Each structure stands twice: as structure tokens, then as C-alpha cells.
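These notes are about the structure you will find just below.
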Amino acid sequence: MMAGGYSLWLPVDVSKHGFEIDRLIYALHILMAVLFVGWGIVFAYCLVRFRQRPGHRADAVVIKAKASKYAEIGVAVFEAVLLLAFAVPVLARVKNQFPSEAESEVVRVVAEQFAWNGHYAGADGVFGRTDPKFIAPDNLIGLDPNDPHGTDDIITVNELHVPVNKPVIVRLSSKDVIHSFAVPALRVKQDVIPGMTIPIWFEAARLGEFDIQCAQLCGNNHFKMRGRIHIDTDAAFAEWKKSKAPGEAPKVSEEDFQL
Amino acid sequence: MSAATHGSHAGHDHGAAHGHDLPFWRKYVFSVDHKVIGVQYTITALVFLLFGFSLMMIMRYQLAYPGRPLPIVGSWLGPGLVNADRSLSPDGYNVFGAMHGTIMVFLAVVPLVVGGFGNYVVPLQIGAPDMAFPRLNAASYWSYLSGGLVMFASFFMKGGAAQSGWTSYAPLAVISPGQTVWLLGMVLLITSSLLGSVNFIVTIVQLRAPGLSFFRLPFFVWAQFVTAFLLLLAFPPLEAAAILQLMDRIAGTSFFMPTGLVVSGQILPTEALPHTGGGSPLLWQHLFWFLAHPEVYVLILPAMGIVAEVVANNTRKPLWGYRSMVYAIIFLGFMSFIVWAHHMFMTGMGTKLSLFFATTTMIISIPSVVVLTALILSLWGAAMRFNSQFLFALAFLPMFAIGGLTGLPLGLPASDIHLHDTYYVIGHFHYVVAPGTIFAIFAGVYHWYPKVTGRKMSELLGRVHFWPSLICMNVIFLPMLFQGLQGLSRRTYDPLVYDAGQAVQGWHFVSSWGAWILAIAQIPFIINFFWSAVAGKKVSDNPWDATTLEWAAPSPPPHGNFLKSVSVYRDPYVYSPPGRPSDFWPQNQPPED
Amino acid sequence: MVNVKRVAVLCLAAVGVAVSGSDVLAGGPMGTATIKGKAMLSAAKPSMRAIDMGADKACAAMHSKPQYPQGKMVFPDGSIPYAFIYLKDGVTGKYDTPSTPVEIDQQGCMYRPHVFGMIAGQPLLIKNNDDTAHNIHALPKKNAQFNFSQPKKGLENKLEGSKTFTRPEVMVKIKCDVHPWMSAYAGVLSHPFFAVSGKGGEWEIKNVPAGKYTLAIWHEEWGTMEVPIEVADGATVEHTFTYSKAAAQRDVNVREVTVGSGPIARASNP
């Protein structure tokens, strides 16, 4: 009955920048362990050594503990190093140093309760205009059918495909509430704030299919807001795009009708 | 549980309220005596603590056994909270999650440490007959109770209780059911805290006994003093924000609702939300966390205060580095106002701001390290008395250490990318608050119980309470750190939906059983709490051989607290002074020569 | 008795015969006239794409071929299904609220039926036949909203009393927020004189008492039209509603905003 699953540490990392985040997490946990064990030794020694017993009286004379000062300075220095040498560079790279659009794959992701809508520019490389008045069951992002740039656009629900070894820029926006676009395997997380378009970027290093999670409570079916991101070879990615390209308007036969 | 029962009386003339000539309801219900109010706060908050814990135990069933019908309680819950097959519904899960957070923070823990312990102990520890403004104090309690009842009633109202998380982020909170009543409740609770904080500040500044200079104050009083400033300065922005959000919901304003929303396929504005547009969802987050980060220190500072009292008393030696601890918490209080946006690293905040808040966050960890180190070094050379309160206080130290240390990866925006909004966060702050603050609360209850009742709690039951609690707390919260490292998002009703959830589902099972056994482990405490009030061992006014002023008053203290006015002659923790036969020297005992 | 009838009608529906509400919902003054006709589109067919269900395997598994939005369906002869035709004005009789529920089934991440009529106060029985979570979100304007989840297969919720739609309202949209393409529309009336167009755009309202009425049609994509109509006992009156582009009034409040995209967060970034 009971599902297993007792993983202890980080999930697989398939991004090019992720190792820097992981390295920081490792370093921090080593620091934490050192401090905890250090305190723990003093703590445990005291518990054993300084129990109340007949003939033993507490020593009220203030001990000069240089160790604490060194520990505090050590922590401060270590934190400064972690912050400046490890955290800042990766943050700056992830947040600020965007690759050029020309050499990247650009995808729009429009979040809504409770789905991730993918939007690819299609063969012409230009995103079609969107407007909420065109939102329909087959057009959840409201792509304007009158905009010629939009006719070749690809729309997906909860499914993204990206090429491997090529920078990917994702422009995140939300239709309704705050969501958070999280792909643990790519070490990517970004809140999606309605009223803003927030770009993020990453480069995948390995093929595979991974979860997109919503990391910010977005309503009753928040837990169900799961997408999948497929990291494909260039050829497979091109093939997928071709298969998704909107074709001729479908012929509806009476068999398609079900009341 | 009664406060003023002794016939003899303090010389202080104290407003209209003299203990013995008041009717029952004035003496024990609508009392203005700080001790009665403190006890009222404590008992109300303990009830809410149990209630908030119960909500979580139901959620833990869904997490351990996703989709399985709830045993027993399933048939008690209304149709919105459970599915047709009596399993917890996603809406129910969100309601319980939001209300667990709200109740634990605003109705249980803060009222316990500030309203309960603060009210009861601070005037006694400074040698005052009461708080500076007794009626304000009563108003604070009644406002708190009203807020609590409003929150509780919201479960039974149309639309149910709030379900947008205790953080109530807009726009979700503006469009979700239950939120209006939540906001009304919050306004009452915030008002209560504001009234209380002003009173604490004035009381501590004005009503200290002769000779009780600031650096002779017990550390607990310092902690309450800093906490009161945090409450006073941090809550007004949230009160304003809560009212703004309320206006967004009921008065057609749009402070937090941006332009261009399409909710559930409907283009806003609609008839239900006729005036949205132009607002900022991030504004709410800034206002909320401007309160809620100092609030974290409101949860932890008084707990440190309680632990410091219990540690000094039971190590039988002065606190190590009392002054540096005081400076550390003043600095902590100050810094806590400029770290709030570390909760918002993932909102798309620029790197410069992220760097600023990461730096302040790293800096604020230093004073916490100072306090913790000082408390551990206080054990050196001690003659420890392992009674129940000391066990809880000792356990606080490593538990708070884990809680504090796990804050580091969350405070650095780069590692936070992976850990933000995962179970790592839940594990982190629960280590601070549950085996941290709540253990300190237990320590405080065991420590001051004889002062309130004149009787001691059972040591045996105390130990039966302590050891399973300590084990269970770790069984519950340590797995959450592993789940977070795997990347499992918090607030996930059915963790099996995600790969990350499947990889760590076993830990949910472990956590849940830990939580249910923890509940059983509280039974000895509940028995001890009530049974000792009538049948506990009667003790003297100062059963722990303590030095601070509250032990100079009778147990329980009468109305007006002290039989004769007290003066202070020395530092708060003069234990085992060299050259004296006794191993403690009370603050109020005049020097012989 | 009513139940048997309803099942029979649903079977007919499956082979594409239009449903007449008055056939299944008795309980008030009934007549002998019949109003019937077709729903047609003379304007150009709308462009449409197959619904992308690829990401939820539980949805895709239920279908052997692509699904299209029901609201955009037009048969080759120009006839349109899923139009709701009803007597808007002129019904004077009082009709009982049936205790038999209207059923909405969630199958293959589509609502069945997609468009249906009901009498105000009639219970709603909502079923989840999919191996996935659905959420049922009703967006009425005059009735009470509801929004709840059915996180697994086999769950049923029966909404009755004040929980169902208690006031006449044409139409109430019902949608699933987990699968945002899923929608259903309920026409809530105070009487049973309604029908939903089926194959060939055909519809039929039976048992209409003699009198003067306003006959109205609603379609999610093409909007509403109405026509005055008079029926005598035993007579059969036919009317064909034809939507041209000009007649269509889409039920959206159009505003010039772009979905989910405000100003770019940081100007330096793409």
C-alpha cells in the first residue's frame, strides 16, 4: 500500500549551470555540519561533565572563551566567501547574462490556473499577437487568428520541448494569479507574476523528460499544475515542431460529434 | 489557574481593581490583572495550538496516504473539505494549510510567548504591580480572542475558511473564497498585538523596581522588550495591507490586482470583480514580508528569553556573555527589518536587490550564532539540574541550531533557486518554531507553573512528555529537508503527481506517523497540566532557588504582585557566587554589610 | 419512470438525435404542439486546431483521434450542433422542480454533455470517469458559483438544494481549471421547453402548450438570436436559425489587452 521513495539528496541535474548551485548547496551543508558538530561536541561534553552531583558546585567565574569569537568570525568569513565567490557569480549569470535571442530558442509560457501553456513562434520566428478575446478551448493563450505571424505558431498545454546544448529563453507570464515555474532537474525556478513578463534562460546538457512543477500556491488544483519538459536532440526537436505545426483546418465528420 | 487568591495584599494602590472585593466575572473573566490576562492568553493559545496541530494531522493523512478516505474525521468534515468518498479534498487541504499556518503563528505561538508568558512574567520580573495600562492589556486579550473566534467561525461560514496560504498572496487571495473573514480576523489580531506591544514598552521603561537598571534586567525581559518594538513597528504595515486587500475584495479597489487578468477563462473586470487593474501583486508581498520577517523573530526572541532563564537557573551559574546576548538581540531586532525580501528572491527581483538582501540575511545570522554560542558556553562549568524545563531548554539549543543553519541555503539567492518553496523551507522554519519555540514554551510552562499555581508539575510525566516529543519532532521535520533537497514543492496536495514526490514519498509516511505519535506524546503534558493544578506537590515561593524578582512574590502572587515593594541590588543571574555558602543570590536580597 | 425516459433520450442523443427537455421533464401544464428546426451557419467556418491533450496521458488515452472544440464544430452542410434553443418569453405555466438530477460526466477530459438544459433547482450530478483530477468550476452570473475538485476516478458529487443552480440563467458556463479546454454550458430555465441541436443542426421542442412565445437560440461561438412564434394545439411549427457573421454577437467583453503580458520586467533583458 505504502509507496516507497526515501531519497536523501538532490535530484539529477541536466543543466549547464546547475552544478554551480549544487556546489553551493554542498558547501553550505558542509559548513552547517561543521558548526553543528562543533557545537554538538561542546554541548555533549558539558552535559556529561557538568552534571549536578554532591560536592560539585557551579563555577561562576566567567570563562574566557576565545573559541566563540573565532567561531563567529569564522562563520562570518565563510558566509562572505560563499556569498561573494559562489552565490553571486551564478546568480548574475542566471539572472542577467542572457544569451542573444538569435542563437537561442525562445519560448513563451503563459501560466494559468492550472496549466502551463507553451507558445512557440513557428516557422517565421515571430510570435503572433495574443488577445484574451480569442481565448477558446483550442486557443488557450488567445492567439489572434487575423495576425499572419500567428498562423504558424505552435501552442501546447503542459508540454514543452527544448533542444539540448542550445540556450533556451523562456518568457514567463501569467493569466491570473502568481505561479512559479520550477524545473528541479534544470535547477530553474522563477515566480510568474501576473502583469509582468519575466524572462529566464537555461541550457540543457542532457536528453530526457522532466517535470515542470508549480512552486507557488495558485489555487485548489495547484498540485495538478504539472507539465513536462522534453529535452530533445536538434533533429528530434525539429521533428516535433513539424508535427505540431498547425495544418489545414480539419474536416469534421458527423462521427466526431457526441452530444 | 487562579491568580489572586491570597488574602494579603500589596501596598500598591492600583486603579479601581482590588482583588477581593470584585465579583467573580470581574476577577477571573473581565479582569485587568496582568496575571489573569496572562493565564487567559496561555490557555486560549494552548487550545488554538492543539487545534492548529489537529488540522495538520489531517493533512498529514492525505500526504502519507494520498486519496485514501480519512478515518473517523472524514465523516465529521463538511462537503467542501472532503471529497465524495470522504478523502480530504484539494480545497480542504488548502483550507487546512492556510489555517494551520495562521492559527499556529497568530493565534497560538505569538500569543503564548508574548501574551501569555510576557504578560505574566514581565511585570513580576521587573518588580511591577501590573502592566502600565491594565485596561489596554485586557483590550488586547479580548481583541485577540475576537480575532481567534472570527477565524474559527470562518470554517462554518459560506465559502469556508481561507485557502490561499497564511501568506495570502494577491491576486489569488483576492479571488478566493473565505478570505474576507480571514482579513477581518487578522485586523483584530494585529490590533491586539499593537495594543500589547505599546503596553510592554511603557511597562518595561517605566515600572522597573528601584535599582533595576537596564543591564540588570533578566534576559527574558530584554527579549520581550525587543519583541515589543518589532510588533509595534512591523505590524502597522500589515494592518494597512490587510485593510487594502479587504478593500480589494469588498469595496472595488485594486491595490493588488494588475491589469489584463483572465481568471478561469473570464476576462477581468467581471461583475464579481468590477474594478480590477493597475495594482501590483508584488506590493502585497513586500508589505506582508515586511511584517512577517520580524514576526519570525517575534516567534523566536521570547523563546530565547525563556531558554536563557531556564538555563541560568538550572546550570546554577550566570549566563555566559549576558551583555553580548543583549546587544545581539537588539541588533537582531534592527536587522530583522531589512531582510524581508529574502522571501522574494524568486519574484524576479533584480540581482542588486537580491545581493543586498542576501547580505543582510547573512549578517543577521551572526547575532543568532552569538546567542546560541553564549547559551552553549553557559553550560561550561555548570552544575546542571536536569528537571523537565531544563530538558526542554537544552533540546531547544540543537533544534534551533538546525533551524537556523538550514536558513543559510535559503538566504543565498543562488541555492534558493533550487530550495525556494520546497519542503526544505517547511523543515527549516518548523525546526525553528516547533522543536525550537514550542519546546521553549514547554520549558516556560514547567518553569513558571509553580509561580502561577503554587504547585509543581510532575517530573515523571514531564520526562514521559519530553523524550517522545524530542524524537517525534525530528522524525517529522528531518525528512522534510530531504524532500526539499529533492525539489518537492510545498503545498502539494498529492505529492505523487510529481517525480520528485514519488522519490520521497516514503518520508511523508515517516513524517506523518511522527506527527500522530507526537500527538499521543502530548497526552502526559495535558494530564500533568490539569492534574498538577489540583494535586501537584505544593511548593515554596521559590522552588527552583532562582534569583529573579518573580520568585520574590508569593505563589501565586496576589493582586499587586508583591507583599512589600522590592528593590534590586545586583545582576539577574548571580548563581554560585564565590565566597557565599548559598548557590544563588536573589536580585532583591539586600547585601548583608 | 422519468429515469427510464431520460436514459432512453440519452441513448438517442448518442446517435445524434436532438433532446427535447419537455420529453423528460414533466410536472406542469403540457401541450401538444411541437416546435422544431435547424441551426445553421452561413458565415465562413471558424479556424480551429485540435485540442492538445498530450500532456495529461489520462486524457489522451481516452481518444483514438484528435478532439476539436465542440463550440467550433460545423458540419459540411453548414449545420451546427450544440446550440441551445428555448422558449424565452411567453411560458405561463408553473413547472415542478424535478428531483431527478441532470448528469454531467467527465470522460476523456471532455464534459458530456457539452450543452444541456435544466430546470432551476434541479439537482446536478457530476461524475469523474477519468483517471485524473478534475475541478468543476461554474461561472454563473445570477446563481451561486461553485468550484470544487474531484481528484480521482469514480468520485461523484450531487449538488442539490441551494448548491445547484436555483435561478433561471442562460447560459451558465462550467469549466475545468485543470484542463482549461474543458467546458460545458447549462441553460437554466423555469420550464422544460428547450432543446439542444444535434446532428444536422436539428432540434425539436415537444409538448408545447398553444400560445405566443419568443423562441431564442444561444450558441457559445455564434451568439444569440430570437424570433416571435405562435403555436396551436397539435400543430408542428418549423423554424431554421441561420447565423450569418453580422448576426453573431460573441459573449465576451472585448478589451485591448494582451494575455498575461504586461511590461517586460527588466528592459535590458529580452
Side-chain angles (χ1 to χ4, degrees), chain A residues 2-11 21 24-25 28 32 36 39 42-43 46 50-52 56-60 63 65 68 72 75-76 79 83 87 90-92 95-96 132 175-178 180 184 187 189-191 193-195 198 211 213 215-224 226, chain B residues 90-91 94 165 169 171-172 258 261-263 267 281 316-318 346-348 351 358 362 366 369-370 373 376-377 379-385 401 405 408-409 412-415 417-418 420-421 482 485-487 489 491-494 497-500 502-507 509 575-577:
Chain A
M2 177 195 133
Y6 291 92
S7 174
L8 291 171
W9 195 238
L10 298 165
I21 290 173
L24 181 62
I25 293 176
L28 281 162
M32 287 151 64
F36 191 72
W39 275 331
V42 177
F43 186 63
C46 290
F50 301 114
R51 307 173 73 87
Q52 195 177 50
H56 171 66
R57 186 179 155 114
D59 183 6
I63 50 163
S68 79
E72 280 145 23
V75 170
E79 283 179 354
L83 183 63
V90 59
L91 188 73
K95 298 271 181 187
N96 293 345
K175 277 184 182 179
D176 39 38
V177 302
I178 299 176
S180 188
R187 303 294 188 267
K189 187 173 289 151
Q190 172 61 54
D191 286 1
I193 314 280
I198 303 176
D211 269 349
Q213 302 186 352
Q216 184 66 264
L217 181 67
C218 60
N220 54 8
N221 281 276
H222 162 60
F223 75 101
K224 204 45 188 162
R226 169 203 190 230
Chain B
D91 304 71
N94 284 354
Y169 278 5
L172 180 66
L261 297 187
V262 183
V263 176
I267 301 169
R316 314 304 297 159
K317 62 188 285 289
M346 294 305 123
T347 56
T351 39
M362 292 303 113
I366 306 288
V369 170
V370 169
T373 309
I376 289 175
L377 285 175
L379 306 178
W380 195 275
M384 295 184 203
R385 248 179 6 201
L405 289 170
L408 289 178
L412 290 168
S415 39
I417 291 174
H418 183 61
H420 189 88
D421 269 336
F482 306 142
L485 284 164
Q486 186 63 220
S489 295
R491 293 163 168 166
T492 300
Y493 160 76
D494 182 355
V497 166
Y498 291 115
D499 292 348
Q502 293 184 0
V504 292
Q505 180 60 21
W507 290 124
F509 181 81
Y575 287 106
S576 307

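Everything numeric here is computed off the predicted structure, so don't read it as measured data. Just so it is clear: chains get the letters A, B, ... in the order the sequence lines come, proteins before strands, and each one is counted from 1. Values below: all heavy atoms of this structure, side chains included; hydrogens, waters and symmetry mates excluded.
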Side chain, backbone, both or neither of [X] within contact of chain A (heavy atoms, under 4.5 Å):
| X | value |
| --- | --- |
| B/Y575 | backbone |
| B/Q486 | both |
| B/P258 | side chain |
| B/N94 | side chain |

Between [options], which shows the greatest number of heavy-atom pairs under 4.5 Å with chain A?
| options | answer |
| --- | --- |
| B/A382, B/P577, B/A414 | B/A382 |
| B/R385, B/Q502, B/M346 | B/M346 |
| B/T492, B/V369, B/L172, B/L379 | B/L172 |
| B/H420, B/H418, B/R491 | B/H418 |

Inset, instruction - Take the angle between the ring planes of B/W507 and B/F482 and call it parallel below 30°, perpendicular above 60°, tilted in between. - result: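 Taking B/F482 first and then B/W507, their aromatic rings sit tilted (interplane angle of 30° to 60°).
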Legend entry - Least distance between heavy atoms, B/S415 atom then B/P409 atom: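 That closest heavy-atom pairing would be OG-O, 2.7 Å.
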With a 4.5 Å cut-off on heavy-atom pairs, point out which of [options] contacts chain B the most.
| options | answer |
| --- | --- |
| A/L91, A/D211, A/V42 | A/D211 |
| A/R57, A/R51, A/M32 | A/R57 |
| A/V177, A/I178, A/N220 | A/N220 |
| A/R187, A/Q216, A/Q213, A/H56 | A/Q213 |
| A/L217, A/I25, A/V90 | A/L217 |

Legend entry - Side chain / backbone / both / neither for A/L83 at chain B, heavy atoms under 4.5 Å: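 Both backbone and side chain.
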Legend entry - A/R226 side chain to B/V497 backbone, donor-acceptor under 3.5 Å: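 Yes; judged by distance alone, with no hydrogens or angles, the pair exists.
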Would you call [X] and [Y] a side-chain contact if the rule is heavy atoms closer than 4.5 Å?
| X | Y | result |
| --- | --- | --- |
| A/I193 | B/Y169 | no |
| B/L408 | B/L412 | no |
| A/Q190 | B/I417 | no |
| B/M384 | A/C46 | yes |

Inset, instruction - Find the distance between CZ (A/F36) and CZ (A/F43) and round it off to the nearest 0.5 Å. - result: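 Reported to 0.5 Å precision, the distance equals 9.0 Å.
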Inset, instruction - For A/A215, enumerate each residue passing the side-chain contact (heavy atoms from CB on, under 4.5 Å) test, keeping only those at least two apart in sequence or located in another chain. - result: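 Checked A/A215 against side-chain contact (heavy atoms from CB on, under 4.5 Å); matches are A/S180, A/A182, A/K189, B/D421, B/S489.
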